[in-house]
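A short worksheet on the structure shown next.
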Amino acid sequence: MKNIEFRTATSAQGGLLVMGGVPGVAAGSRVQVRDHAGRLRSGLVIRCADDAVLVEVFEGTDQLDLERTWVRFLDEPFKLPVSRDILGRIFNGAGLPRDGRPPIISGDRRDVNGEPLNPAARAYPREFIQTGISAIDGMNSLTRGQKLPIFSGGGLPHNRVAAQIVRQAKLLGEESSEFVIVFAAFGASHADARFFQESFAESGVLNKVAMFLNLADEPVIERLLTPRAALTAAEYLAFDLDYHVLVVMTDMTAYAEALREVAVLRGDVPARKGYPGYLYSDLAEIYERAGRIKNRRGSITMIPVLSMPSDDITHPIPDLTGYITEGQIVLGRELANQNVYPPVTVLPSLSRLMKDGVGKNFTREDHPHVASQLFASYAKALEVRGLAAIIGAEELGDADRRYLEFANAFERRFIGQGEDEDRSVYETLNLAWDLLSMLPRDALIRVSEAELAKYHKGVTA
Amino acid sequence: MGRILEINGPLVKLELPETVLGEQVRVGRLGLIGEVIGRDGNTALAQLYEDTAGLRPGEVAEGLGWPLSVELGPGLLGAIFDGVQRPLQAVREQSGDRMARGVAVPSLPRDKRWRFVPDANRHAGGALAGGDVLGTVRETESILHRILTPPLMHGELLELAPEGDYTIEEAIGRVRLADGSIEKLRLFHRWPVRTPRPFKRRDHAVAPLITGQRILDTFYPLLKGGKAAIPGPFGAGKTMLQQQIARWCNAEIVIYVGCGERGNELTDVLEFMPELKDPHTGRPLMERTLLVANTSNMPVVAREASIYVGITLAEYFRDQGLDVVMVADSTSRWAEALREVAGRLGQMPVEEGYPAYLGSRLAAFYERAGRVETLAGAHGSVTLIGAVSPPGGDFSEPVTSHTKEIIQTFWALSKELADARHYPSVDWLESFSGYVGSAAKWWAENVDPNWESARAEALDLLSASEELQRIVNLVGVEALSSEQRWTLEAASLIKEGLLQQSATDEIDSFASPEKQYALLAAMLEIFRQGMKLVKLGAPARRLIQMPVLAQARRWKSQHTSDDIAALKTKIAAIPGEFDKLMLEYEQTA
């Protein structure tokens with residue numbers, strides 16, 4: 001079957017090709033399409049019956065005719081050849097080299113769709129990763145094997161934040177990062193891709209990175225394959241070669257939009273905002289490939305970048321993502337406009353795995369309470385700030401004025417930091433106590449009395 | 001023997017005459033399992049529980065002759081099953097860390113022997129009816145598993161095995177049915193998941209389910225046999241709250257269905273449950289817990305089946321006369337699975353792409369909760385708690401709004417509270433409970449006769465403070481009268497000292513009804529004492545600085561539920577604190 005070329009196309013439209021009279025084609029198998037000019041395209045069988053086979057063509061159906069189009073059914077799903085040599089290389093969205101070097105030769109070729117992990121085989125992520133960024137380490141910490149997306153918006157520095165995490169991420173007690181990196185860009189601009197490339201080059205980790213790039217002007221359907229190819233590489237590095245893998249993917253919104261585009265072509269019933277009903281399941285297939293497995297050394301930690309359309313966190317893409325991932329780091333325009341970098345809006349940010357990765361035995365015993373206190377105090381401080389905007393700061397009581405000062409200092413000194421500033425988690429916690437000490441002791445009920453006695457620097461009242 | 005005609009995602013069109021709707025089918029060389037959902041002429045449409053990649057038109061297909069069923073018998077507790085009751089631990093041993101397809105592993109272990117003790121009242125020659133208890137197996141230290149006669153079986157017991165060790169497939173007895181045929185009895189039987197198990201009659205729910213969570217038990221109670229929903233946007237703490245309920249509630253069996261949720265959450269449950277002790281029996285929690293896990297990356301059709309598998313398991317334990325809690329996380333993912341299949345079938349979508357039968361399916365599912373008199377005359381209950389994940393936190397979306405009409409207790413989670421790390425983030429204004437009247441009787445008899453009025457007073461205070469807060473947001477706190485300021489402060493005391501509860505704090509994580517009431521009474525006592533002073537002319541500013549206010553906020557994490565006496569001493573001292581101030585103002589007044 002693999003060696004036969006069929007010329008039985010009966011219709012072609014909007015990226016979809018219907019082939020007539022090809023019996024016994026396997027669902028999900030890969031196809032190779034040769035057009036009248038001899039150019040090769042690749043595609044996927046998405047629906048099959050004896051009399052008609054529906055093929056999705058990744059490069060699109062432009063300039064195809066029905067009479068001179070030959071299709072070969074390769075009888076296997078999309079596979080990625082894997083070997084240690086993928087590190088240091090750059091691939092396109094379908095896993096072919098785009099750095100001018102020879103293709104990866106390996107007898108080990110993996111189905112890019114992967115297979116779902118048995119929930120009973122997972123190991124729970126508990127190892128604290130220090131990113132050197134206070135807003136993350138102090139209040140929304142990352143653990144090995146977690147999937148923690150960055151929710152951002154157009155024009156916000158999400159790429160710089162992601163790059164800083166990649167540069168600085170390490171376990172406590174480690175001198176430098178022992179991560180290898182899988183970087184996937186889909187629908188990203190050339191400038192964004194170059195930014196990451198240069199950032200990796202500057203920090204001298206290029207030979208520890210495997211890149212999968214499908215840029216904004218490249219075929220949309222290939223975007224559906226890009227994260228899957230990248231994660232197949234990541235799974236191989238993590239669970240076959242025992243590496244700790246940090247996967248950075250940008251931009252999930254472009255992925256979801258590609259999915260919608262294809263769904264509309266297929267005629268799927270739309271659910272919200274035209275996105276297909278299976279957007280949740282499809283995103284989950286990607287995100288859930290992060291994690292750890294019992295009795296294996298490696299891990300996959302995932303940092304997807306997602307730009308929220310019109311900064312709307314209730315848009316289906318961030319919304320469904322938030323239901324799958326283990327928290328989110330939200331960047332905000334207001335802080336960015338005040339020149340606070342990284343502009344992490346801490347209140348809607350969250351790390352679900354933090355409770356199990358910080359505190360005694362992990363970071364420091366006061367960490368969970370300090371984080372909770374910072375959240376509570378800052379939430380209160382923002383209320384005061386809202387009030388001050390109405391009645392004027394002069395009208396505030398003494399206690400409220402302290403909160404106002406706290407809010408400003410918190411944003412400038414705690415959230416704000418340099419792009420090359422790598423704070424240890426202890427520095428972060430000490431800084432937190434400096435700030436909390438601006439508030440009266442009695443107002444700090446989330447920390448214990450013992451912790452107050454030990455760390456609070458202010459006067460009693 | 002039939003064959004595959006067409007493959008479209010999880011849907012497969014088969015040439016398979018004489019098959020019955022709902023029947024299980026085995027499809028293709030891989031032997032993938034699915035369920036017939038439509039017939040047209042000689043063809044049948046089936047939805048498969050596994051990924052269909054690699055299937056080809058022309059491959060074989062066969063009907064198995066029975067609908068999707070679960071195996072019910074010893075070996076269920078402590079296990080983790082997928083959405084069609086495959087035991088995930090055993091599947092892992094057979095096929096490795098990843099879910100291979102077409103794996104056939106029986107739901108219950110076949111080689112394990114169980115100590116069966118026949119019921120003393122069962123004798124050969126006696127009549128046997130469906131649901132009758134044949135005997136018992138001590139499955140775990142805390143749970144005595146009653147071996148039930150299959151619900152539809154009636155006849156004469158010919159023989160019952162003596163006490164001894166049996167596997168679940170060995171015969172433990174024989175029955176002559178009405179038609180004269182003879183059937184064997186075993187330690188387990190099968191039941192189709194989409195059919196509710198029969199019972200004698202529905203009973204009134206009378207006792208509250210105690211979860212140890214103050215905002216739930218004290219303010220929005222749920223009864224054993226009741227129906228509750230937990231809607232909340234992502235990040236509102238839904239999972240934590242459900243885990244707290246699963247961990248602390250006073251049910252005898254807890255069934256946790258992870259339907260389309262995160263893999264790591266189930267791992268978390270699997271890892272922490274065995275380490276935790278059941279607060280009521282002191283045994284490891286896993287002994288009373290059963291997990292059904294169909295995570296978000298597992299096939300969508302099995303996700304749709306998973307909540308029926310869960311509820312059938314729950315009914316089985318109910319039929320043994322036990323109180324069962326089933327937590328379904330999340331019913332929204334189940335509804336989405338329904339929508340996905342409906343979409344592929346080309347059914348007309350109504351709201352947000354959901355099929356028209358969404359509401360009736362949800363209602364029928366929740367109706368399987370309840371407290372009943374079982375066929376054997378015992379009393380058991382299934383309490384159903386469904387999580388809802390409304391898109392964008394919008395409670396007017398179809399799944400939340402349909403669910404709201406069905407359930408009695410509504411624990412609405414709020415993003416604003418969660419953002420301020422006020423956990424559990426149950427919104428005291430949006431939530432409701434239709435069980436307060438029944439719960440009040442229990443609290444009055446078992447804890448304190450004043451429970452109902454104290455609860456109402458606290459809720460009044462909270463809603464009054466909401467009004468006041470609006471004024472403060474406009475013109476500042478200085479514009480309030482002393483009485484108003486004190487009301488605001490008392491409400492904040494209730495929020496921080498009572499409603500907020502830390503799941504990770506060892507002492508605060510669980511509060512017995514006695515502790516809950518003591519704290520409630522304490523907060524109200526402070527409010528009343530202060531109000532008395534304010535009415536005498538004491539400025540609220542002064543009262544707010546009283547050290548007892550900061551102290552009272554910490555009491556919840558200073559006294560365990562066994563240590564109520566010390567807490568009560570502190571409460572008794574409250575008037576004294578205010579009396580000191582009182583002297584000043586009585587003199588000036």
Side-chain angles (χ1 to χ4, degrees), chain A residues 23-29 47-50 77 113 115-125 268-272 277-278 280-281 284-285 288-289 291 293 314 316 319-320 322-324 326-328 347-348 350 352-353 355-356 368 372 375-376 379 386-387 390-391 395-397 442 445, chain B residues 5-8 13 52-58 80 88-89 91-92 96-100 234-235 239 258 260 262-264 266-268 270-271 293 295-298 300 333 336 339-340 342-343 349 352-353 389 391-394 419-421 472-478 496 504 550 553-554:
Chain A
V25 172
S29 105
R47 193 167 169 168
C48 53
D50 274 347
N113 292 308
E115 280 177 323
L117 206 51
N118 185 329
R122 278 184 188 273
Y124 193 69
D268 292 333
V269 177
R272 284 175 72 212
Y278 51 80
Y280 177 82
S281 306
E285 275 176 25
E288 282 286 335
R289 289 172 82 168
I293 302 182
T314 66
D319 188 52
L320 295 179
Y323 276 118
I324 305 166
E326 282 128 4
Q328 65 277 339
L347 295 189
L350 170 74
R352 291 169 188 275
L353 302 183
K355 62 182 168 59
D356 300 300
S372 165
F375 276 116
L387 184 59
I390 297 166
I391 62 169
E395 298 294 312
L396 292 177
D442 279 353
I445 61 155
Chain B
L5 297 176
E6 186 181 335
I7 302 139
N8 174 17
K13 199 193 230 175
T52 53
L55 281 188
R56 293 163 205 276
I80 172 169
L88 287 171
Q89 315 269 22
V91 167
R92 180 173 176 232
D97 293 335
R98 301 202 174 262
M99 296 295 292
F234 69 84
T239 307
R262 304 178 184 87
N264 275 333
L266 287 153
T267 312
D268 189 19
L270 276 179
E271 286 188 11
T295 56
S296 55
N297 55 338
M298 287 157 81
V300 66
R333 304 297 163 227
E336 284 168 10
R339 172 171 73 183
E340 194 171 328
E352 299 205 1
S389 321
D394 169 16
D419 279 355
R421 291 342 188 231
V472 171
N473 289 347
L474 285 178
V475 293
V477 76
E478 303 298 333
E496 290 173 19
T504 51
R553 283 171 161 89
R554 291 184 190 278

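Throughout, a chain's letter reflects where its sequence line sits, starting with A, and its residues are numbered from 1. Below, each value reflects all heavy atoms present in this structure, side chains not excepted, and no hydrogens, waters or symmetry copies.
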Side chain of B/Arg553, backbone of A/Asp442: donor and acceptor closer than 3.5 Å?
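Not a single qualifying donor-acceptor pair exists.
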Going from [atom1] on [X] to [atom2] on [Y], what distance comes out if it is rounded to the nearest 0.5 angstrom?
X	Y	atom1	atom2	result
B/Asp97	A/Asn118	CG	CG	7.5 Å
B/Leu474	A/Ile390	CG	CD1	6.0 Å
A/Leu117	B/Met298	CG	CE	10.0 Å
A/Glu288	B/Asn297	CD	CG	4.5 Å
B/Arg339	A/Tyr280	CZ	OH	12.0 Å
B/Asp419	A/Phe375	CG	CZ	8.5 Å

Take B/Asp268 and A/Lys355, measure what salt bridge (Lys or Arg N to Asp or Glu O under 4.0 Å) needs, and give me the verdict at the end.
CA-CA 11 Å; B/Asp268 189 19; A/Lys355 62 182 168 59; 3.3 Å; yes
Select, from B/Leu55, B/Leu266, B/Thr52, the one with the greatest count of heavy-atom pairs under 4.5 Å involving chain A.
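Max contact count across the listed options: B/Leu55.
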Selection from B/Ser296, B/Gly343, B/Ala550, B/Gly353 maximising heavy-atom pairs under 4.5 Å formed with chain A:
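Looking at each option in turn, the highest pair count goes to B/Ser296.
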Region of [X] in contact with chain B, defined by heavy-atom distances below 4.5 Å:
X	answer
A/Ser29	neither
A/Ile293	side chain
A/Pro77	neither
A/Asp50	both
A/Arg289	neither

Identify which of [options] forms the greatest number of heavy-atom pairs closer than 4.5 Å to chain B.
options	value
A/Ala123, A/Gly397, A/Pro316	A/Ala123
A/Gly28, A/Gly277, A/Gly322	A/Gly322
A/Leu396, A/Leu350, A/Ile324, A/Ile391	A/Ile324
A/Ala120, A/Pro270, A/Ala379	A/Ala120
A/Cys48, A/Gly24, A/Pro119	A/Cys48

Interface moiety of [X] toward chain A, non-hydrogen atoms closer than 4.5 Å:
X	value
B/Leu5	backbone
B/Glu352	both
B/Pro391	both
B/Arg262	both
B/Glu340	side chain
B/Ser389	both
B/Asn473	backbone

Which heavy atom of B/Arg421 sits nearest a heavy atom of A/Leu347, and at what distance?
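Closest approach of B/Arg421 to A/Leu347: NH1-O, 3.0 Å.
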Kindly give the heavy-atom pair with the smallest separation between B/Glu271 and A/Tyr124, and that separation in Å.
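Where B/Glu271 meets A/Tyr124 most closely, the heavy atoms are OE2-N, 3.2 Å.
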List the steps, then state whether side-chain contact (heavy atoms from CB on, under 4.5 Å) holds for A/Arg47 with B/Glu6.
CA-CA 7 Å; A/Arg47 193 167 169 168; B/Glu6 186 181 335; 3.0 Å; yes
Partner set under side-chain hydrogen bond (donor to acceptor under 3.5 Å, both in side chains) for A/Glu326, not counting sequence neighbours:
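With neighbours one apart ignored, the set is A/Lys147, B/Asn264.
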With a 4.5 Å cut-off on side-chain heavy atoms, are B/Phe234 and A/Asp319 touching?
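Sidechains of B/Phe234 and A/Asp319: in contact.
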Considering only heavy atoms from C-beta outward, does the side chain of A/Pro116 approach that of B/Arg98 to under 4.5 Å?
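In short, these two side chains do not touch, never coming nearer than 4.5 Å.
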